[in-house]
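As structure tokens, the structure follows; a few thoughts come after it.
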2 protein chains.
Amino acid sequence: MWMEIDLQSDVPIYTQLVDQLIEGIASEQLKPGDPLPSVRSLAADLGINLHTVNKAYQILKQDGFLQVHRKQGVVVQPGGMPGADAAFRAKLAKGIRPLAAEAAVRGMTEAEFAEQSAAVYRQLMSKGENAK
Amino acid sequence: MWMEIDLQSDVPIYTQLVDQLIEGIASEQLKPGDPLPSVRSLAADLGINLHTVNKAYQILKQDGFLQVHRKQGVVVQPGGMPGADAAFRAKLAKGIRPLAAEAAVRGMTEAEFAEQSAAVYRQLMSKGENAK
DNA sequence: CTCTCTGTTATATTCATTATATAACAGATA
DNA sequence: TATCTGTTATATAATGAATATAACAGAGAG
């Protein structure tokens with residue numbers, strides 16, 4: 001599998017899974033309808049517990065990024081991804097806020113901060129350049 | 001005091017303190033040399049423990065945003081704030097990354113994401129428009 | 001000098017979260 | 001029937017966050 005987990009990180013394993021799966025969808029390495037490994041097999045692959053994987057899947061299902069079929073397993077949402085609604089924009093602003101504040105204190109201008117944001121976005125997208 | 005703490009939030013109290021103090025410095029509501037309340041008085045004001053405030057101060061001192069003098073108390077760094085070094089840029093990228101990924105999945109373009117970042121930065125700065 | 005303030009350090013305890021280990025259930029399929 | 005799937009239910013260990021006390025050393029005020 002193409003996923004990697006850092007057990008020493010301060011960010012929870014299930015969060016790492018959620019983030020990497022979203023990145024996979026964003027970069028189109030994972031396309032709508034693509035199957036995902038079962039909670040048991042992925043857990044075995046990564047050397048972690050079944051419930052940790054399941055927690056990640058549950059969050060992504062709740063947010064509308066994944067669909068679950070009995071026996072068919074887990075699949076990347078085939079019917080269109082959820083949009084950038086008000087709830088997400090609020091979450092986004094809340095996440096950016098402390099980063100923007102520290103950037104400002106450290107002397108980064110608004111333009112530099114915006115460009116840095118764009119650069120991260122760009123680099124993320126380029127990961128699936130040649131759609132696997 | 002102008003600080004507010006959300007005890008129900010999932011973000012730790014000491015992190016809320018760190019973030020708000022950095023925001024205060026960014027918006028110039030807190031200027032270099034300005035005195036901060038003692039760990040005991042601020043803790044009493046907010047109805048929290050002394051150690052929680054101390055932990056926030058320690059982090060900000062470690063990062064170079066605050067200075068500590070015996071008896072004089074805590075003071076906003078008067079000798080120039082730390083710059084946007086490589087370590088911070090890495091931390092910044094790591095923080096932006098999951099936000100950019102989800103924004104992309106939800107249909108936001110690179111330009112929209114950059115503008116959103118700029119908007120948060122801008123709004124943050126405007127908080128100390130009329131420098132207190 | 002004594003009292004009182006400051007940050008600092010040291011323990012101990014409670015609580016929630018994270019991650020684990022088992023176990024079992026219900027639906028789908030070979 | 002046997003085996004895979006997600007799902008649910010407990011229980012447990014480990015960690016981090018927050019609290020409660022207590023004590024120490026430096027720096028002033030009286």
Side-chain angles (χ1 to χ4, degrees), chain A residues 1 3-21 30 33-79 95 98, chain B residues 1 3-21 30 33-79 95 98:
Chain A
M1 197 58 188
M3 306 200 62
E4 286 181 9
I5 292 302
D6 179 9
L7 297 175
Q8 311 310 319
S9 171
D10 57 329
V11 34
I13 299 178
Y14 76 89
T15 302
Q16 295 184 41
L17 290 177
V18 167
D19 289 345
Q20 289 192 32
L21 288 170
L30 288 176
D34 278 1
L36 265 57
S38 75
V39 291
R40 287 178 176 83
S41 69
L42 182 52
D45 264 14
L46 299 174
I48 61 178
N49 191 275
L50 161 166
H51 294 101
T52 307
V53 176
N54 190 55
K55 185 168 184 176
Y57 280 179
Q58 282 302 319
I59 291 174
L60 291 167
K61 170 190 172 188
Q62 180 66 30
D63 286 356
F65 298 128
L66 297 183
Q67 264 190 8
V68 174
H69 302 85
R70 252 331 202 280
K71 176 64 178 180
Q72 187 62 19
V74 182
V75 170
V76 177
Q77 174 71 45
Chain B
M1 197 58 188
M3 307 200 61
E4 286 181 8
I5 292 302
D6 179 10
L7 296 176
Q8 310 310 319
S9 171
D10 56 329
V11 33
I13 299 178
Y14 75 89
T15 301
Q16 295 184 40
L17 291 176
V18 167
D19 289 345
Q20 289 192 33
L21 287 170
L30 287 176
D34 279 0
L36 265 59
S38 76
V39 290
R40 286 178 176 83
S41 69
L42 181 52
D45 264 13
L46 299 175
I48 61 179
N49 191 273
L50 160 165
H51 294 101
T52 306
V53 176
N54 191 55
K55 185 168 184 176
Y57 280 179
Q58 282 302 319
I59 291 174
L60 291 167
K61 169 190 171 189
Q62 181 67 31
D63 286 354
F65 298 128
L66 297 183
Q67 265 191 9
V68 174
H69 302 86
R70 250 340 203 272
K71 177 61 178 182
Q72 188 62 20
V74 181
V75 170
V76 177
Q77 175 71 46

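Sequence lines set the chain letters: A, B, ... in the order given, protein chains first and strands last, and positions in each chain run from 1. Here the structure is a predicted model, which means the values were calculated and not measured.
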Exercise for the section: Could you check how far CG of A/Leu36 sits from P of D/dC4, rounded to whole Å? Expected result: 20 Å
Handout entry: Rounded interatomic separation in angstrom, taking CG from B/Leu42 and C1' from C/dC5
Key = 16 Å
Exercise for the section: Verify the contact: side-chain N or O of B/Asn49 to OP1 or OP2 of D/dA18, cut-off strictly under 4.0 Å; return yes or no. Expected result: no
Exercise for the section: Mark yes or no for whether B/Gln16, through its side chain, and B/Asp6, through its backbone, hold a donor-acceptor pair below 3.5 Å. Expected result: yes
Fill in the blank from the handout: In whole angstroms, the gap separating P of D/dA14 from CG of A/Asp10 amounts to 20 Å
Practice task
Let me know the distance between NE2 of A/His69 and C1' of D/dC4, rounded to the nearest Å.
Solution key: 17 Å
Exercise for the section: Hey, which sits more toward the 5' end of DNA chain D by its nearest nucleotide, B/Ile48 or A/Ser38? Expected result: A/Ser38
Completion exercise
Which of D/dA20, C/dA19, D/dA17 is nearest the side chain of A/Tyr14? It is C/dA19
Problem - Separation of atom CG in B/Leu50 from atom C1' in D/dA20, rounded to whole Å - result: 10 Å
Practice task
Indicate whether OP1 or OP2 belonging to C/dT18 is found under 4.0 Å from a side-chain N or O atom of A/Lys55.
Solution key: yes
Practice task
Grab the CG-P distance between B/Asn54 and C/dT11 for me, whole Å please.
Solution key: 16 Å
Exercise for the section: Give the minimum heavy-atom separation between B/Val74 and B/Tyr57, together with the two atoms involved. Expected result: CG2-CD1, 3.6 Å
Fill in the blank from the handout: So CD1 of A/Ile5 and CD of A/Gln20: to nearest 0.5 Å the spacing works out to 5.0 Å
Practice task
State, with a plain yes or no, whether a side-chain heavy atom of B/Asp63 is found less than 4.5 Å away from one of B/Val18.
Solution key: no
Fill in the blank from the handout: Comparing A/Thr52 with B/His51, nearest DNA chain C nucleotide closer to 5' gives the residue B/His51
Problem - Heavy-atom donor-acceptor pair, B/Arg40 side-chain to D/dT21 base, under 3.5 Å - result: no
Completion exercise
Rounded to whole Å, CD of B/Gln58 lies from P of C/dA10 at a distance of 12 Å
Problem - Spacing between B/Lys61 atom NZ and C/dT9 atom C1', to the nearest angstrom - result: 12 Å
Practice task
Please report the closest heavy-atom contact between B/Thr52 and B/Leu17, naming both atoms and the distance.
Solution key: O-CD1, 4.1 Å
